[in-house]
A.B. asks: 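The following block contains the structure, expressed as structure tokens.
All of these numbers come straight from a predicted model, not from anything done at the bench. Heavy atoms only: backbone and side chains are in, while hydrogens, waters and symmetry mates are out.
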Amino acid sequence: YIITEGLSFKNKEERDKEVVRVLERVGLDINKRFCYPNEFSGGERQKIAIARAIIRKPKLIIADEITSSIDYFSKIAIIELLKDLQKEQQKLQQELAQTGEMLKQTKKSETATLNKLTLLNQDIRTRKRLIRNINSELTALNNEMGVLGDKRNLLQQELERYKADYAMLVRQTHYADMMSSPLLFLLSSENFQQLLRRMRYMSEFAQYRKLQVKRIADTQAEIDVQNQLLQDRKNDRETALKSQKREQDKLTRDERKQK
């Protein structure tokens with residue numbers, strides 16, 4: 001009990017094992033652990049004092065005349081014991097230093113891992129926003145393409161109407177007469193008033209014909225512009241679709257890394 005005083009072992013078997021260990025370390029017969037204090041010599045009591053000191057594995061031992069009352073051989077054994085204890089303590093300190101360094105490295109590694117995970121999460125959030133922006137761009141492009149397509153179709157219908165009006169104009173008799181022989185058309189007038197009317201008609205008709213031709217040309221040019229705009233938007237949409245797929249693939253890889 002003197003040696004185990006202050007130990008926290010609740011199990012009697014574990015406590016006895018620890019007592020046997022320190023008795024062997026200080027060079028005492030383990031069977032004497034059941035003896036009373038008055039049955040020990042002065043040197044044995046000194047060893048018991050040392051055993052009491054080392055059983056709790058202290059970091060520091062203050063020894064005041066630790067070899068007093070001990071015979072020569074016991075003194076040598078005690079000194080060797082203290083040397084062994086010092087060596088063991090140094091070894092343990094080295095192990096603790098190595099363990100501490102490993103813990104530091106592990107902590108750095110964990111910090112790096114946490115930083116990497118934080119950056120990965122940030123990258124995932126940013127990439128999701130980018131994909132949403134690309135989706136919005138695709139929606140806007142599809143809407144614009146729809147508007148451009150409708151406008152082109154209206155222009156195409158208008159062009160067809162202008163062409164039909166011009167074709168009907170060509171089929172008219174007076175136009176055929178004017179085109180075959182404008183001078184004969186004028187000279188064949190029955191009177192001067194009819195001549196004036198025919199001259200005015202030919203002038204108005206020429207202006208109207210020019211206007212129709214210009215309308216057809218302008219409408220065709222606008223259709224060409226709309227077709228080019230529509231093709232440009234199709235190219236933009238194709239680029240956006242490729243970007244969407246590329247970013248989605250990257251997002252999938254990042255989410256796998258996150259798991």
A.B. asks: Please examine the side chains of E158 and L155, heavy atoms only from C-beta on, and report whether any two atoms are closer than 4.5 Å.
C.D. replies: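 Contact flag for L155/E158 side chains = yes.
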A.B. asks: Is R215 salt-bridged to D218, cutoff N-O under 4.0 Å?
C.D. replies: no
A.B. asks: Counting heavy atoms not belonging to E13, are there more than 12 under 6.0 Å from its CD?
C.D. replies: no
A.B. asks: For a 4.5 angstrom cut-off between non-hydrogen side-chain atoms, does K245 reach Q248?
C.D. replies: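 Side chain of K245 against side chain of Q248, heavy atoms only: no contact under 4.5 Å found.
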A.B. asks: Looking only at heavy atoms, what is the nearest atom pair of R233 and L148, with distance?
C.D. replies: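 Taking R233 first and L148 second, the nearest heavy atoms are CG-CD1, 3.9 Å.
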A.B. asks: Is L211 reachable from V213 through a run of hydrophobic residues whose side-chain heavy atoms are each under 4.5 Å from the next?
C.D. replies: no
A.B. asks: Measuring only between side-chain heavy atoms, which start at C-beta, is E222 closer than 4.5 Å to K151?
C.D. replies: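 Yes, close enough: below the 4.5 Å cut-off.
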A.B. asks: Decide yes or no for R132 and K128: does some side-chain heavy atom of the first lie under 4.5 Å from some side-chain heavy atom of the second?
C.D. replies: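 Yes, their side chains come closer than 4.5 Å.
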A.B. asks: Please round to the nearest 0.5 Å and tell me the distance separating atom CE of M145 and atom CG of D150.
C.D. replies: 11.5 Å
A.B. asks: Of the non-hydrogen atoms in L241 and L138, which two are nearest, and what is the gap between them?
C.D. replies: CD2-CD1, 3.7 Å
A.B. asks: Nearest 0.5 angstrom please: D224 CG to R152 CZ, how far?
C.D. replies: 11.0 Å
A.B. asks: Quick check for you: to the nearest 0.5 Å, what is the distance between Q244 atom CD and R237 atom CZ?
C.D. replies: 11.5 Å
A.B. asks: If you measure only the distance, is there a donor-acceptor pair under 3.5 Å linking the side chains of N227 and Q231?
C.D. replies: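 No, no side-chain donor-acceptor contact under 3.5 Å.
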A.B. asks: Check this for me, if you would: do E14 and K17 make a salt bridge, where the nitrogen-to-carboxylate-oxygen distance has to be below 4.0 angstrom?
C.D. replies: no
A.B. asks: Does a salt bridge link D249 with R253, judged by any charged N lying under 4.0 Å from a carboxylate O?
C.D. replies: no
A.B. asks: Calculate, to the nearest 0.5 Å, the distance between atoms OG and CD1 belonging to S136 and I131 respectively.
C.D. replies: 12.0 Å
A.B. asks: With side chains defined as the heavy atoms from C-beta onward, is the minimum distance between V225 and L229 less than 4.5 Å?
C.D. replies: yes
A.B. asks: Calculate, to the nearest 0.5 Å, the distance between atoms CG and CG belonging to N191 and L195 respectively.
C.D. replies: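 It comes to 8.5 Å.
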A.B. asks: Please answer: with hydrophobic residues joined when any side-chain heavy atoms are less than 4.5 Å apart, are V20 and V22 in the same cluster?
C.D. replies: yes
A.B. asks: Using only heavy-atom distances, determine whether the side chains of Q157 and N153 contain a donor-acceptor pair under 3.5 Å.
C.D. replies: no
A.B. asks: Could you tell me the separation between the CZ atom of R21 and the CG atom of L23, rounded to the nearest 0.5 Å?
C.D. replies: 10.0 Å
